[in-house]
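Structure first, then comments.
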Amino acid sequence: MKPLKERFNLKYLRNKQKLEFQENNFRECFFKVNFYDIPVQERFIVYDTFIIISSKAKVDRPTTVPILLEDGVFKAQFEIEGYSKFEDGHNILEIKPGTFNLFYIPKVNGKLTYLKDRTCLDIMFDKEWFEETMSKILPMEFPFLTALKKGRACKLFEEAKIISTPIKQLLESMLNCSLPTSMRDYYYRLKIEELLLTIFSMHPKFLEDDRSSTNLSLDEKVIEVKEWVDKQEIGNIRLQEVEDLFHISQKNLNKGFQKYFGCNLSQYLREKQMEKARYLIQHKNYSINEVAKLLRYSYPQHFTSAFTKHFGYSPKELKAQKTLENKR
């Protein structure tokens, strides 16, 4: 694989076809491009050893398109919203909404499938830099690194992992960096290395090591989980994320929550969701659609149904009552 700086640089990006180019400084640029009639907006943050690509694509219907990259691809792909699946006869790489994976394919010649609108963040890595950097951190015989050095197709996780809250915060901090240009080089490099450490810490190899070293009892873990949940934005919590972060099964979590709080974890999260929803509607004047989106309901009517079942009255009735009180 050619060095990243030879495959992607600002000169190459400026000459990219079918785009509108805007460069903020020597590191950052924006594009609008049509990819097989799919309108895509892209933002590139360009360095010699990594490139951060934030993109939004308008996918009106399920679409499958061919893709050919002679130089291959080596990247971490974070599917914030949407869905993508790559197939080439040898490899299948499926990344569902809210998940990510890190993978290397030496030559890309296959097809991509998209199902709906996508918001995605890719971080492409220089292979030589990555091998040198991670060799100092990972065990010598770590399977992903071994396959990478031998030039074999590989992915870090068999199935894409949930984008956890710490990862989400790292990605947002990079995209929203407001530091002076002279300080950004150092900042981005630190954040990229922190992101890689966080990603690799989720690998089963390290989870096993962590499980064997922890002395926390089940009861202590349940209390720790509850304290963590209470500090989070309630609409962003997924059960799989809790399992991954605290290395505890959903069965044991539910058992512990039932023991201490009289409900399982799903019920506890639902209770917090509904109380948050009622507060936002009653005291912050949020619309029903805004609350449904914040709590990650696919459709507002699903939220309305859940709210009504929980409280015995609908969000619309709550809003009407609040309006009546304000008129008095």
Side-chain angles (χ1 to χ4, degrees), residues 1-8 12 35-36 38 40 42 44 47-53 55 57 63-80 82-115 118 120-163 167 171 192-193 195-208 244:
M1 180 179 250
K2 291 181 182 178
L4 189 65
K5 63 183 177 182
E6 292 181 18
R7 293 187 295 125
F8 292 91
Y12 163 83
F35 178 65
Y36 289 98
I38 299 173
V40 183
E42 296 177 321
F44 280 69
Y47 285 85
D48 288 348
T49 52
F50 59 86
I51 298 176
I52 302 168
I53 308 170
S55 62
T63 304
T64 298
V65 298
I67 181 156
L68 174 64
L69 297 171
E70 290 287 348
D71 287 330
V73 63
F74 177 31
K75 68 177 181 178
Q77 179 177 328
F78 302 86
E79 199 76 13
I80 311 299
Y83 169 95
S84 77
K85 184 178 182 180
F86 169 77
E87 300 173 270
D88 68 356
H90 303 286
N91 306 288
I92 297 177
L93 188 70
E94 183 180 40
I95 306 183
K96 297 178 181 179
T99 68
F100 78 97
N101 213 336
L102 172 68
F103 57 91
Y104 168 66
I105 303 174
K107 181 179 179 179
V108 176
N109 185 5
K111 57 184 181 179
L112 276 171
T113 298
Y114 303 130
L115 297 183
R118 299 178 67 226
C120 183
L121 191 141
D122 294 339
I123 303 179
M124 305 186 72
F125 297 103
D126 179 79
K127 185 170 174 286
E128 184 177 339
W129 171 83
F130 185 95
E131 290 171 2
E132 181 182 349
T133 301
M134 299 311 292
S135 291
K136 300 172 184 176
I137 300 167
L138 299 174
M140 189 177 298
E141 299 302 319
F142 193 82
F144 180 83
L145 194 56
T146 300
L148 189 64
K149 288 180 177 179
K150 292 181 178 180
R152 297 200 305 256
C154 52
K155 53 186 176 182
L156 185 59
F157 305 107
E158 279 304 309
E159 294 186 3
K161 289 286 187 181
I162 295 288
I163 301 174
I167 289 178
L171 298 178
I192 287 291
E193 291 189 14
L195 179 64
L196 286 173
L197 289 174
T198 304
I199 288 172
F200 275 91
S201 72
M202 297 171 66
H203 192 274
K205 160 70 180 168
F206 296 106
L207 294 182
E208 288 167 7
D244 289 344

- Is a side-chain N or O of Lys155 found less than 3.5 angstrom from the main chain of Ile92, in a donor-acceptor match? yes
- Taking all heavy atoms of Lys96 and all of Glu79, pick out the closest pair and write down the distance. O-CB, 3.6 Å
- Going by heavy atoms in the side chains, are Ile167 and Ile199 under 4.5 Å from each other? yes
- Task: Please report the shortest heavy-atom distance between Ile162 and Phe100, naming the atom on each side.
- Result: O-CE2, 3.6 Å
- Message: Within the structure provided, determine whether Tyr114 and Phe35 are in side-chain contact (heavy-atom separation under 4.5 Å).
- Response: yes
- Item | By salt bridge (Lys or Arg N to Asp or Glu O under 4.0 Å) - contacts of Lys75 (at least two apart) | Asp122
- Straight-line distance of Glu158 CD to Lys161 NZ, nearest 0.5 Å: 10.5 Å
- Item | More than 12 heavy atoms of other groups within 6.0 Å of Glu87 CD | yes
- Item | Side chain to side chain, Leu102 and Phe130, heavy atoms closer than 4.5 Å | yes
- Task: Give, for atom CZ of Phe200 and atom NE2 of His203, the distance between the pair rounded to the nearest 0.5 Å.
- Result: 8.0 Å
- Side-chain heavy atoms of Leu171 within contact of Leu195, under 4.5 Å: yes
- Who passes side chain to side chain donor-acceptor pair (under 3.5 Å) against Glu94, sequence neighbours left out? Tyr83
- For Glu193, enumerate each residue passing the salt bridge (Lys or Arg N to Asp or Glu O under 4.0 Å) test, keeping only those at least two apart in sequence or located in another chain. none
- Query: Could you give the distance from CD1 (Ile67) to NZ (Lys111), rounded to the nearest 0.5 Å?
  - Reply: 13.5 Å
- Item | By salt bridge (Lys or Arg N to Asp or Glu O under 4.0 Å) - contacts of Lys107 (at least two apart) | Glu70
Under 3.5 Å, side-chain donor or acceptor atoms of residues 143-154 against the rest of the protein: list the pairs with distances, not counting sequence neighbours.
unit_1: Thr146; atom_1: OG1; unit_2: Phe142; atom_2: O; d: 3.1
unit_1: Lys149; atom_1: NZ; unit_2: Ser135; atom_2: OG; d: 3.0

- Message: Using only atom types and a distance under 3.5 Å, with no angle test, would you say the side chain of Asn101 pairs donor to acceptor with the backbone of Phe157?
- Response: yes
- Message: List the residues meeting side chain to side chain contact (heavy atoms under 4.5 Å, CB included) with Ser55, not counting sequence neighbours, and say none if there are none.
- Response: Val40, Glu42, Cys120
- Item | Point-to-point distance, once rounded to the nearest 0.5 Å, from NZ of Lys127 to CD of Glu132 | 13.0 Å
- Item | Approximate separation, where rounding is to 0.5 Å, of Asp88 CG and Leu68 CG | 11.5 Å
- Considering only heavy atoms from C-beta outward, does the side chain of Ile95 approach that of Phe86 to under 4.5 Å? no
- Item | Nearest heavy atoms of Ala160 and Thr99, plus distance in Å | CB-OG1, 3.4 Å
- Task: Can you label the angle between the Tyr104 ring and the Phe74 ring as parallel, tilted or perpendicular, going by 30° and 60°?
- Result: perpendicular
- When rounded to the nearest 0.5 Å, the distance separating CG of Asp48 from CG of Asp126 is 8.5 Å
- Are side-chain heavy atoms of Phe125 and Ile192 found at a separation under 4.5 Å? yes
- Message: Within the 4.5 Å heavy-atom criterion, are Ile105 and Val73 side-chain neighbours or not?
- Response: yes
- Query: Hey, does Tyr36 have a side-chain heavy atom less than 4.5 Å from the side chain of Thr63?
  - Reply: no
